[in-house]
Novice: 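Before we start, here is the structure in question, set down as structure tokens.
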Number of protein chains: 2
Amino acid sequence: MGESGVDKGDRKRLTRQESRALTRARLVEAAGLVFAERGFYGASVEEIAERAGFSRGAFYSNFDSKEDLFLAVLDAHIESEMALTTEALGEDPSQEAVLEFLHSQSVRRRRQGRGWTLLWAEFWLHVLRQPELAPKLAARQRKARSAIARIIEGRCRQLGIVPTMPPEDLASLILAVDDGLVLQEHLDPGVVPDDLRASASVLLFIGMAFSPAAQPPTDPST
Amino acid sequence: MGESGVDKGDRKRLTRQESRALTRARLVEAAGLVFAERGFYGASVEEIAERAGFSRGAFYSNFDSKEDLFLAVLDAHIESEMALTTEALGEDPSQEAVLEFLHSQSVRRRRQGRGWTLLWAEFWLHVLRQPELAPKLAARQRKARSAIARIIEGRCRQLGIVPTMPPEDLASLILAVDDGLVLQEHLDPGVVPDDLRASASVLLFIGMAFSPAAQPPTDPST
DNA sequence: GTCTATATAAAGATAGAC
DNA sequence: GTCTATCTTTATATAGAC
């Protein structure tokens, strides 16, 4: 996807575009940290610029405003997650690929830890307060859900189980458990066993398989 | 639980204590709204005071600082929830009492809607950023979990099921689903069916009941 | 393109009148 | 106890030098 033909042989020299992109990237990265630590309003442009190694002046020559920067951070994170998903899963992912991917996700989540969680919470709050941004996060959510739904369908076929509810709904539950447990863990570390997250998916799946077959809105006249 | 014997016949006259308490209460209530809408830093003391019908001066004669006010809001909400719980459940609640209580909770949640959710999210973020406050929210979480755990134990006895995992863990999952679904719903209204929350608890319970008995860390030498 | 210096505005907090 | 007026700090954003 490289735009211009050649971009290797040029030693330290960067084109203006590249330099600008690099500065922006550094600012976005620093902003991610500061927004996570202090929240949108708590974070000052000064601290962000400083931590990225720049001055406020440099900041304002790259971004229109703090809001503009926040959007850049949000987009960068969503794009990065989406890209990771697409790359790892491709068009028609195998069960193994998806499971492997989910595992790597949870490892990554562990590594990035508190900051990552705080930042996404901040995203969520900000988006809820500025509803025109909702589609950005909603898209990510839908993508995650349908990826998981596909696993569920696959497993059902494998095991010859007839789903008693839409796989998307079961996927919603699995995602919900994931997010909900994160909240609990950070608030009160130690109360949530390490393997609970994994057990939950199994429990839900078994629950669905064994639950008294789907109760479609039956016609009461029967 | 009335403190002093008589407090009816005094027309509009309030003692200084009562008047002060009333002012504080109004400010706390207004603060809840503004904190929910704008977050801790986004909320200005001026707007809070104004919405409560007072001036900044009045505010500062009742609270030391914005942080102080936030703590008061936090305490008020926690206390109110705890009180509701204790009142509805008492010492040794029946299954019916607990289920009834959970239902009323979810109704209340619906009614209070977005603002309520935003405010608790704000509490959560603020507490994570000021860890010394964690015990306050953690206590509420533990209380909710053990209340649900008690239901689970009861149902297990009723149905003659031997739990394959600690009831507290299953309770954690149920709470997690609840919180996680709230996040999804507000971000992308309509994707989560109304009855999914209820189904989830059933699914988890059935899952536990039918799951291949607890797998204690077995000795691999077997 | 990035820096320093500065303009401008907003918000937290206080003082003193009533 | 509450108000108005004011102090002080902090932060966003801009201007102009390099």
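Quick caveat, the model's predicted, so the values are computed rather than measured. Here is how names work: the chains are called A, B, and so on, in the same order as the sequence lines, proteins then strands, and each is numbered from 1.
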Novice: Give the residues of residues 56-74 of chain A touching DNA chain D, defined as any heavy atom closer than 4.0 Å, sorted by residue number.
Specialist: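 By residue number: Arg56(A), Tyr60(A), Ser65(A), Lys66(A).
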Novice: Taking only residues two or more places apart in sequence, or in another chain, which ones meet Arg142(B) in a salt bridge (charged side-chain N to carboxylate O under 4.0 Å, His left out)?
Specialist: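 Applying salt bridge (charged side-chain N to carboxylate O under 4.0 Å, His left out) to Arg142(B) gives Asp188(A).
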Novice: Base, sugar-phosphate, or nothing: which does Ala49(A) touch, judged by heavy atoms less than 4.0 Å apart?
Specialist: nothing
Novice: Checking all strands, does Ser44(B) fall into the base, sugar-phosphate, or nothing category for heavy-atom contacts under 4.0 angstrom?
Specialist: sugar-phosphate
Novice: Output the rounded distance in Å from CD1 (Ile48(B)) to P (dA11(C)).
Specialist: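 In whole Å, dA11(C) P lies 11 Å from Ile48(B) CD1.
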Novice: Taking only residues at least two apart or on different chains, which pairs with a member in residues 80-90 of chain A satisfy salt bridge (charged side-chain N to carboxylate O under 4.0 Å, His left out)?
Specialist: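 Listed once each, the pairs are Glu81(A)-Arg108(A), Glu81(A)-Arg140(A).
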Novice: Can you sort out the partners of Gln141(A) under side chain to side chain donor-acceptor pair (under 3.5 Å), two or more places apart, ordered by chain and number?
Specialist: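 Residues passing side chain to side chain donor-acceptor pair (under 3.5 Å) with Gln141(A): none at all.
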Novice: Test of understanding: with side chain to side chain donor-acceptor pair (under 3.5 Å), list the residues that count as partners of Arg56(A), not counting sequence neighbours.
Specialist: none
Novice: Along DNA chain D, 5' to 3', what are the outermost nucleotides having an atom less than 4.0 Å from a heavy atom of chain A?
Specialist: dT12(D) to dT14(D)
Novice: Give every residue pair that meets the ring pair (Phe, Tyr, Trp, His ring centres under 6.0 Å) criterion with at least one member in residues 71-103 of chain B, sequence neighbours excluded.
Specialist: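 Ring pair (Phe, Tyr, Trp, His ring centres under 6.0 Å) check on residues 71-103 of chain B returns His77(B)-Phe123(B).
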Novice: Enumerate the residues from residues 21-31 of chain A whose closest heavy atom to DNA chain D is under 4.0 Å, giving them by residue number; use none for an empty result.
Specialist: none
Novice: Run the salt bridge (charged side-chain N to carboxylate O under 4.0 Å, His left out) test against Lys136(B) and tell me which residues pass, sequence neighbours left out.
Specialist: Asp75(B)
Novice: May I ask you to test the Leu173(B)-Asp169(B) pair for a side-chain heavy-atom distance under 4.5 Å?
Specialist: no
Novice: With sequence neighbours excluded, tell me which residues meet salt bridge (charged side-chain N to carboxylate O under 4.0 Å, His left out) with Glu168(B).
Specialist: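 Result, salt bridge (charged side-chain N to carboxylate O under 4.0 Å, His left out) vs Glu168(B): none returned.
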Novice: Applying ring-ring contact (aromatic ring centres under 6.0 Å, His included), can you list everything that pairs with His126(A), at least two apart in sequence or on another chain?
Specialist: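 Only Phe40(A), Phe70(A) meet the ring-ring contact (aromatic ring centres under 6.0 Å, His included) criterion with His126(A).
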Novice: How many Å lie between CD on Glu46(B) and P on dA9(C), as a whole number?
Specialist: 16 Å
Novice: Identify, with sequence neighbours excluded, every residue that meets salt bridge (charged side-chain N to carboxylate O under 4.0 Å, His left out) alongside Arg24(B).
Specialist: none
